[in-house]
Amino acid sequence: MRRHPRRGEAGRQVTAPSQRGAEVGRRIGVGLMYGLWKPRVLGAWKVPATGPVILAVNHSHNIDGPMVMGVAPRPTHFLIKKEAFVGPLDPFLLAIGQLKVDRAVADRTAITRALDVLTDGGVLGIFPEGSRGEGDFASLRAGLAYFAVRGGAPIVPVAVLGSAEKSGRLIKALPPLRSRVDVVFGDPFDAGDGSGRRTRKALDEATERIQKQLAAHLDDARRLTGR
């Protein structure tokens with residue numbers, strides 16, 4: 001794994017996120033997610049066992065990221081909005097290999113660290129909708145296409161279903177304890193057209209291809225799970 005520093009925003013030195021830390025995060029996620037809820041995981045075998053890959057996850061609830069971290073077959077580095085890095089969560093999330101991103105600007109430090117994950121053959125987790133919403137992949141940002149084309153990584157669509165259906169009795173902000181949450185992994189696909197182009201037009205075309213693939217996977221996941 002590369003450990004030499006890179007230059008990020010404002011000339012700050014940046015090192016690649018720790019894959020060991022991400023593995024620790026995965027193990028913590030396994031204990032929490034399976035201890036609090038009943039995940040049903042389908043298609044996890046479709047995630048390539050080695051090499052760079054991007055998990056594109058729909059986002060309708062705050063537990064979607066931790067859920068995927070806990071059930072994915074490989075440790076995952078998620079791009080997470082900087083607003084989530086508050087208090088003790090800041091050093092904790094960084095220690096388990098998660099990536100802080102400022103969505104209000106072109107965050108070069110976050111971009112550099114995310115590309116380093118892919119260069120090191122790791123797994124990058126992205127919520128392509130940008131923020132929590134309906135979780136239907138209806139509105140995609142161009143960031144996913146950029147990382148897929150620039151990092152040369154296949155995209156695996158991931159549908160998390162059931163996390164936002166009901167509120168828990170004890171903690172309203174969470175799904176009911178011991179309720180079932182489905183996580184469906186799809187077939188990996190390449191976002192680019194094979195030309196290697198990184199122009200704005202090429203990224204726009206890649207974003208359209210990605211949106212169709214993600215929407216189709218979500219439809220398949222809903223039929224498969226009955227949700």
Which atom names give the shortest non-hydrogen contact between [X] and [Y], and what distance separates them?
X	Y	answer
Pro154	Pro52	CD-O, 3.2 Å
Leu115	Gly151	CD2-N, 4.3 Å
Pro48	Val156	CD-CG2, 3.9 Å
Phe189	Pro157	CE2-CD, 4.0 Å
Gln19	Asp120	NE2-O, 3.4 Å
Leu203	Ala145	O-CB, 3.8 Å

Does any part of the side chain of [Y], heavy atoms only, come nearer than 4.5 Å to the side chain of [X], both counted from C-beta?
X	Y	answer
Ser18	Leu94	no
Leu218	Leu161	yes
His217	Arg222	no
Thr207	Leu144	no
Val160	Asp182	no
Val68	Leu55	yes
Leu99	Pro17	yes

Shared-cluster residues of Leu224, by chain and number - hydrophobic side chains joined below 4.5 Å: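 Grouped by the 4.5 Å side-chain rule, Leu42, Val184 form the rest of the cluster around Leu224.
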Identify, with sequence neighbours excluded, every residue that meets side chain to side chain contact (heavy atoms under 4.5 Å, CB included) alongside [X].
X	result
Ala148	Ile54, Ile155, Ala191
Ala95	none
Val71	Tyr34, Pro39, Val41, Met67, Val183, Phe185
Leu36	Leu177

Roughly how far apart are [X] [atom1] and [Y] [atom2], rounded to 0.5 Å?
X	Y	atom1	atom2	value
Arg103	Leu79	CZ	CG	11.5 Å
Asp64	Ser163	CG	OG	3.5 Å
Arg150	Ile111	CZ	CD1	9.0 Å
Asp116	Leu124	CG	CG	11.0 Å

Using the side chain to side chain donor-acceptor pair (under 3.5 Å) criterion, which residues pair with [X]? Sequence neighbours excluded.
X	answer
Arg26	Glu23
Asp102	Lys82
Asp204	none
Glu205	Arg197

Count the heavy atoms of every other residue, nucleotide or ligand shown that sit under 6.0 Å from CZ of Arg40, and state whether that count exceeds 12.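 Atom CZ in Arg40 is packed in, count exceeds 12.
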Just wondering, more than 12 heavy atoms not from Arg178 lying within 6.0 Å of its CZ?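 Result for CZ/Arg178: enclosed.
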With sequence neighbours left out, write down each residue that passes salt bridge (charged side-chain N to carboxylate O under 4.0 Å, His left out) with Arg223, or none if nothing qualifies.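 Expected list: Asp220.
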May I have all residue pairs that pass ring-ring contact (aromatic ring centres under 6.0 Å, His included) and include part of residues 68-102, sequence neighbours excluded?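 Listed by first then second residue: Phe78-Phe127.
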Just to verify, which of Val117, Thr76, Leu118, Val123 counts as forming a side-chain contact (heavy atoms from CB on, under 4.5 Å) with Val53?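 Considering Val117, Thr76, Leu118, Val123, a side-chain contact (heavy atoms from CB on, under 4.5 Å) with Val53 is found only for Val123.
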Salt bridge (Lys or Arg N to Asp or Glu O under 4.0 Å) partners of residues 44-60, not counting sequence neighbours, each pair once: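 Qualifying pairs: Lys46-Asp187.
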Working for salt bridge (charged side-chain N to carboxylate O under 4.0 Å, His left out), residues Lys100 and Asp90: CA-CA 9 Å; Lys100 182 191 302 187; Asp90 187 359; 3.5 Å; yes
Is the backbone N or O of Leu32 less than 3.5 Å from a side-chain atom of Trp37, with the two atoms forming a donor-acceptor pair by type?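 No; judged by distance alone, with no hydrogens or angles, the pair does not exist.
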With side-chain contact (heavy atoms from CB on, under 4.5 Å) as the test, would you mind laying out the steps for Ile96 and Met69 before giving the verdict? CA-CA 11 Å; Ile96 62 172; Met69 283 181 60; 4.0 Å; yes
